[in-house]
Amino acid sequence: LPIDINLELRELRPGDRVTGLSIGEPVFLPLKTYLQKEAKSHHRLDLAKTYAFIEPSAPPRVRGYITLVCGEIVVEDGAPQVEPDANFTYPHFPAVKIARLIVDSRLRGNDLGTKLVQLGLGIVKDQICPRVGCRFVVVDAKRESLDFYVDCGFTLLNTKANRDRAQPIMFVDMTKVPSG
Ligand SMILES: CC(C)(COP(=O)(O)OP(=O)(O)OC[C@H]1O[C@@H](n2cnc3c(N)ncnc32)[C@H](O)[C@@H]1OP(=O)(O)O)[C@@H](O)C(=O)NCCC(=O)NCCS
């Protein structure tokens, strides 16, 4: 794939072609299957919202995507610190979760993944946090993508249980993210 193809970043649409995403390694098959079988219906039914890099062909083709859902962080030792006077006595912090993220393997290393995450953080900061209690963005990070998420501004949740997880939880405190 030529890396200079003109990709549009927008919400997934019913007419978009969702087949043909190159995943690189078999372990990422669930991300391809989700796009092909569930992403459009979940988007329409408000079960998950998907935003994609689209190649402007006929039909338009998905070359990478991010899926956002509601989530939470369990409040426990090592959970992210909020203001000490917040007086927050509930078992979970409200969050938005990055449920899926993938870029076509032939296009990786061109900042597309970073831009998908930045789009997600921007939506949460500008459209969710001002209207709905939502302090964090979270992700269950595959070990190979830990550095990628650190570069995107995420922090590893600092508990032993979390560090030992196959997919450790990482978070961004949205009060630390500038408004768009
Ligand atoms: C993680 C992923 C979405 C990043 O997308 P991307 O478009 O390649 O990311 P960017 O170009 O914005 O790269 C940011 C960093 O990711 C890492 N990265 C980039 N390309 C990579 C590749 N082909 N393999 C491994 N890491 C890579 C690098 O650390 C890069 O930093 P650098 O630009 O300083 O070198 C992509 O590698 C991917 O789809 N991986 C498979 C699915 C996956 O792991 N999803 C995350 C689920 S938690």
Side-chain angles (χ1 to χ4, degrees), residues 1-12 16-40 42-43 47-57 60-74 80 93 95-125 134 136-159 161-174 177-178 180:
L1 280 180
I3 57 158
D4 56 351
I5 46 174
N6 209 6
L7 296 169
E8 186 185 354
L9 180 52
R10 60 158 171 78
E11 202 172 337
L12 185 65
D16 293 336
R17 180 166 174 178
V18 289
T19 54
L21 186 73
S22 174
I23 54 174
E25 292 176 54
V27 66
F28 301 129
L29 189 58
L31 292 162
K32 183 180 173 111
T33 308
Y34 180 80
L35 178 66
Q36 286 180 203
K37 296 208 181 333
E38 296 179 299
K40 284 181 182 173
H42 287 189
H43 195 93
L47 294 169
K49 290 295 184 190
T50 294
Y51 304 87
F53 269 112
I54 303 290
E55 183 180 332
S57 46
R61 273 172 183 265
V62 174
R63 294 302 191 188
Y65 74 91
I66 187 169
T67 301
L68 304 178
V69 298
C70 286
E72 60 191 21
I73 301 180
V74 177
F93 287 122
V96 163
K97 180 173 180 171
I98 297 176
R100 322 239 180 242
L101 171 69
I102 189 166
V103 169
D104 189 292
S105 65
R106 296 161 292 185
L107 295 171
R108 284 177 201 161
N110 292 295
D111 246 23
L112 300 180
T114 302
K115 285 180 179 143
L116 286 168
V117 171
Q118 285 169 349
L119 176 83
L121 293 176
I123 289 169
V124 175
K125 181 72 186 181
C134 176
F136 298 99
V137 167
V138 293
V139 66
D140 296 332
K142 298 186 198 308
R143 293 209 160 265
E144 318 79 67
S145 57
L146 286 177
D147 292 345
F148 166 79
Y149 284 113
V150 169
D151 289 347
C152 290
F154 285 71
T155 304
L156 192 65
L157 190 64
N158 194 21
T159 66
N162 187 54
R163 288 191 300 269
D164 290 347
R165 290 184 72 194
Q167 299 198 1
I169 299 166
M170 300 184 79
F171 69 92
V172 175
D173 182 343
M174 293 307 295
V177 173

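Counting starts at 1 for both ligands and their atoms, following the listed order. Residue indices begin at 1 and follow the sequence shown.
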Q.
Counting non-hydrogen protein atoms only, what is the nearest one to atom 38 (C) of ligand 1? Give residue, atom name and distance.
A. R108 NE, 3.3 Å

**Q.** Atoms of ligand 1 close to L101 [distance to a heavy atom under 4.0 angstrom, numbered from 1]
**A.** 3 (C), 42 (C), 43 (C), 45 (N), 46 (C), 47 (C)

Q. Do ligand 1 and G113 have nitrogen or oxygen atoms that lie under 3.5 Å from each other?
A. yes

Q | Within-cutoff protein neighbour (heavy atom, under 4.0 Å) for atom 19 (C) of ligand 1 | A | yes

(Q) Please compare G64, A99, G109 and report which has the shortest non-hydrogen distance to atom 8 (O) of ligand 1. (A) G109

Q) Do you see a protein non-hydrogen atom under 4.0 Å from atom 28 (C) of ligand 1? A) no

Q: For D147 and ligand 1, answer yes if some heavy atom of the residue is under 4.0 Å from a ligand atom, otherwise no.
A: no

Q: Provide the closest heavy-atom pair for V62 versus V18 in the form atom of the first, atom of the second, distance.
A: CG2-CG1, 4.3 Å

Q | Heavy-atom closest contact (K40 atom, L12 atom, distance) | A | CG-CD2, 3.8 Å

**Q.** V139-ligand 1 polar pair, N/O distance under 3.5 Å
**A.** no

Q. For the atom pair CG (L112) and CD1 (I102), what is the distance rounded to the nearest 0.5 Å?
A. 12.5 Å

**Q.** atom 42 (C) of ligand 1: any protein heavy atom closer than 4.0 Å
**A.** yes

Q: List the closest protein heavy-atom neighbour of atom 39 (O) of ligand 1: residue, atom name, distance to the nearest 0.1 Å.
A: V103 N, 2.9 Å

(Q) Could you check whether atom 48 (S) of ligand 1 has a protein contact, counting only heavy atoms that fall below 4.0 angstrom? (A) yes

(Q) Nearest 0.5 Å, please: how far is CG in L31 from OH in Y65? (A) 4.5 Å

(Q) How far is atom 9 (O) of ligand 1 from the closest protein heavy atom, and which atom is that? (A) F148 CE1, 3.5 Å

**Q.** Nearest atoms (heavy-atom pairs only) where D104 meets G20
**A.** OD2-O, 4.1 Å

Q) Within a strict 4.5 Å, meaning less than it, do heavy atoms of the E8 and F53 side chains meet? A) no

Q) With a 4.0 Å cut-off, strictly under, does atom 36 (C) of ligand 1 pick up any protein heavy atom? A) yes

Q: Taking atom 24 (N) of ligand 1 as the reference point, report whether a protein heavy atom occurs under 4.0 Å from it.
A: no

Q | T114 neighbourhood, listing ligand 1 atoms whose heavy-atom distance to it stays under 4.0 Å | A | 10 (P), 12 (O), 14 (C)

Q.
Can you classify the ring geometry of F171 versus F136 as parallel (below 30°), tilted (30 to 60°) or perpendicular (above 60°)?
A. perpendicular

Q: Could you pull out the closest heavy-atom pair between G113 and V103, with the gap in Å?
A: N-CG2, 3.5 Å

Q) Should the pair K142-E144 be classified as a salt bridge under the 4.0 Å nitrogen-to-oxygen rule? A) no

Q) Salt bridge check: are D16 and R63 linked by an N-O gap of less than 4.0 Å? A) no

Q.
Taking side-chain contact (heavy atoms from CB on, under 4.5 Å) as the criterion, tell me which of V69, T50, L47 meets it with H42.
A. L47

Q: For atom 2 (C) of ligand 1, decide whether some protein heavy-atom distance is shorter than 4.0 Å.
A: no

Q. Does any N or O atom in L107 lie less than 3.5 angstrom from one in ligand 1, N or O only?
A. no

Q | Protein heavy atom at shortest distance from atom 44 (O) of ligand 1 | A | F28 CE2, 3.5 Å

(Q) Can you report which non-hydrogen protein atom sits closest to atom 32 (P) of ligand 1, along with the distance? (A) D151 OD2, 4.9 Å

Q) Which heavy-atom pair separates N162 from I169 by the least distance, and what is that distance? A) OD1-N, 2.7 Å

Q: Check Y51 against I123 and note the closest heavy-atom contact, atom names and distance.
A: CZ-CD1, 3.6 Å

Q: Output yes when the distance from some N or O of ligand 1 to some N or O of A141 is under 3.5 Å, and no in every other case.
A: no

Q: Show your working on side chain to side chain donor-acceptor pair (under 3.5 Å) between S145 and R143 and close with a plain yes or no.
A: CA-CA 5 Å; S145 57; R143 293 209 160 265; over 6 Å; no

**Q.** Shortest protein heavy-atom distance from atom 11 (O) of ligand 1, along with the residue and atom involved
**A.** D111 N, 2.6 Å

Q. Is S145 close to ligand 1, meaning an N/O of one under 3.5 Å from an N/O of the other?
A. no

Q. Applying a strict 4.0 Å limit to heavy atoms, is D140 in contact with ligand 1?
A. yes

